[in-house]
Protein chains: 2
Amino acid sequence: MNEQEKLDRARERVIETISQNMNLYGITPSIGRLYGLLYFKDHPMTLDEMKEELGMSKTSMSTSVRSLQEMKMVEKVWKKGSRKDQYQAEEDWHQTFVDLFTTKWRPSISINIIAIEKSIFEMERILEAKEVTEEIKAAASDDIKKLHNALQYYDWLNRLVDSFESGEIFDLVSK
Amino acid sequence: MNEQEKLDRARERVIETISQNMNLYGITPSIGRLYGLLYFKDHPMTLDEMKEELGMSKTSMSTSVRSLQEMKMVEKVWKKGSRKDQYQAEEDWHQTFVDLFTTKWRPSISINIIAIEKSIFEMERILEAKEVTEEIKAAASDDIKKLHNALQYYDWLNRLVDSFESGEIFDLVSK
DNA sequence: CAGTTCGTACAGTTTTTACTGTACGAACTA
DNA sequence: TAGTTCGTACAGTAAAAACTGTACGAACTG
């Protein structure tokens with residue numbers, strides 16, 4: 001094995017390992033591998049180049065790179081003389097982590113809160129109703145209490161995401 | 001629709017919504033639904049009861065509840081007079097979040113660090129080697145720099161997990 | 001304007017993951 | 001000790017996700 005091969009192999013080990021562990025971020029291995037490829041290239045790449053290096057379809061490259069863009073892990077850059085779109089990886093993983101956390105978590109926190117609030121409202125109507133047995137009211141009351149705890153948790157989570165987004169988290173845990 | 005049905009429906013909305021959004025925690029919807037069920041029951045449940053309520057196989061309940069246990073979201077409790085195992089949901093979601101984060105992230109951080117360190121070592125050997133072209137050395141040197149950045153990130157992530165585990169995070173973002 | 005090139009929607013296929021039913025060991029019961 | 005009950009391993013099946021190839025609109029080129 002020559003030195004170039006050794007270097008490639010060492011690089012690929014890291015790409016492979018990281019992409020395998022990216023499911024924690026909600027990222028599939030093949031998308032992770034693409035990110036790894038872009039991370040180690042010191043210049044932007046086109047869809048055709050990615051396709052070539054990973055041996056996958058251009059369609060996959062197109063959709064994968066788009067989802068990486070949505071997660072702000074990759075950005076499109078303009079390069080003179082090329083009609084093709086060029087993409088490069090975001091280099092600062094702290095920033096990537098924060099963005100990922102924010103873009104992924106924020107929407108689902110909102111969805112959960114809305115569902116919980118709606119259910120609390122309906123349960124409170126049950127408590128007010130006349131013809132309801134005490135047993136059902138007790139159950140409703142119990143559920144309402146649990147849902148308020150849940151709301152409190154989601155509020156906390158929202159504030160946690162705030163602290164990520166604002167960079168305040170780096171005061172507690174420095175880079 | 002009677003009041004009992006209204007209550008059930010309100011409760012199920014929350015369970016369904018939350019379980020759908022649990023993929024962020026790396027939890028499948030059906031496991032999330034099981035957790036939701038346990039969360040709203042104010043008493044521990046057996047595998048047979050879960051099977052009954054969710055209309056799924058006992059095998060699924062057994063494996064699902066085990067993964068919930070591993071994530072510390074559910075615990076087995078002893079109940080006198082019953083030979084069957086009884087399970088109940090962890091109620092404090094802040095704690096659940098912290099545990100989840102810790103148990104899921106810690107191992108994969110370690111794996112990534114090990115792979116990176118191994119590759120850095122190999123790349124440094126390339127730099128020291130005699131018969132290597134300057135071009136390859138430059139590439140190796142570049143990669144090493146990137147890997148050191150990665151290590152720095154994982155160190156940060158480890159300290160972030162520390163602050164979750166120790167509860168220090170709640171100083172920054174209060175409950 | 002006709003001819004290219006590029007990126008992506010969409011449908012179909014392959015691969016992966018989730019779920020079920022059978023079967024069996026362990027722990028209890030009489 | 002024989003008979004139950006309980007939980008789970010394992011193999012097979014059903015469902016879901018990832019990936020590809022075709023096809024086409026948009027943007028460029030001559």
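Naming: A, B, ... by sequence-line order, numbering from 1 per chain. Please read all numbers here as calculations on a predicted model, not as lab measurements.
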Could you walk me through whether Ser62(B) and Thr59(B) satisfy the side chain to side chain donor-acceptor pair (under 3.5 Å) test, starting with their C-alpha distance in whole Å, then the side-chain angles of each, then the deciding distance to 0.1 Å, before giving a yes or no? CA-CA 5 Å; Ser62(B) 174; Thr59(B) 309; over 6 Å; no
The side chain of Lys58(B) is closest to which nucleotide in this list: dT8(D), dG7(C), dC19(C)? dT8(D)
Taken to the nearest whole Å, CG/Leu54(B) to P/dT20(C) is 10 Å
Rounded to whole Å, NZ of Lys84(B) lies from P of dC28(C) at a distance of 16 Å
Leu47(B) has an atom CG; how far is it from atom C1' of dC6(D), in whole Å? 8 Å
Does OP1 or OP2 of dA9(D) have a side-chain N or O of Arg66(B) closer than 4.0 Å? yes
Are Tyr154(A) and Trp105(A) close enough that their ring centres sit under 6.0 Å apart? no
Quick one: which of dT4(D), dT29(D), dT20(D) gets closest to the side chain of Arg83(A)? dT29(D)
Less than 6.0 angstrom from the centroid, inside 45 degrees of the normal: does Lys76(B) satisfy that with respect to the ring of Tyr87(B)? no
Rounded distance in Å - CE (Met45(B)) to C1' (dC6(D)): 17 Å
Check the surroundings of atom CZ in Arg125(B): do more than 12 heavy atoms from other residues, nucleotides or ligands lie under 6.0 Å from it? yes
Base, sugar-phosphate, or nothing for Thr63(A), non-hydrogen atoms under 4.0 angstrom? nothing
Roughly, in whole Å, what's the span from CE in Met56(B) to P in dA14(D)? 16 Å
For dT8(D) and Ser62(B) - does any side-chain N or O of the residue sit under 4.0 Å from the phosphate oxygens OP1/OP2? yes
In whole Å, what is the span from the CD1 atom of Ile31(B) to the P atom of dA16(D)? 15 Å
Interatomic distance, Asn23(B) CG vs dT17(C) P [rounded to whole Å]: 15 Å
Donor/acceptor link under 3.5 angstrom from Thr59(A) side chain onto base of dG21(D): yes
Looking for any heavy atom pair under 4.0 Å, which part of the strands does Thr46(B) touch: base, sugar-phosphate only, or nothing? nothing
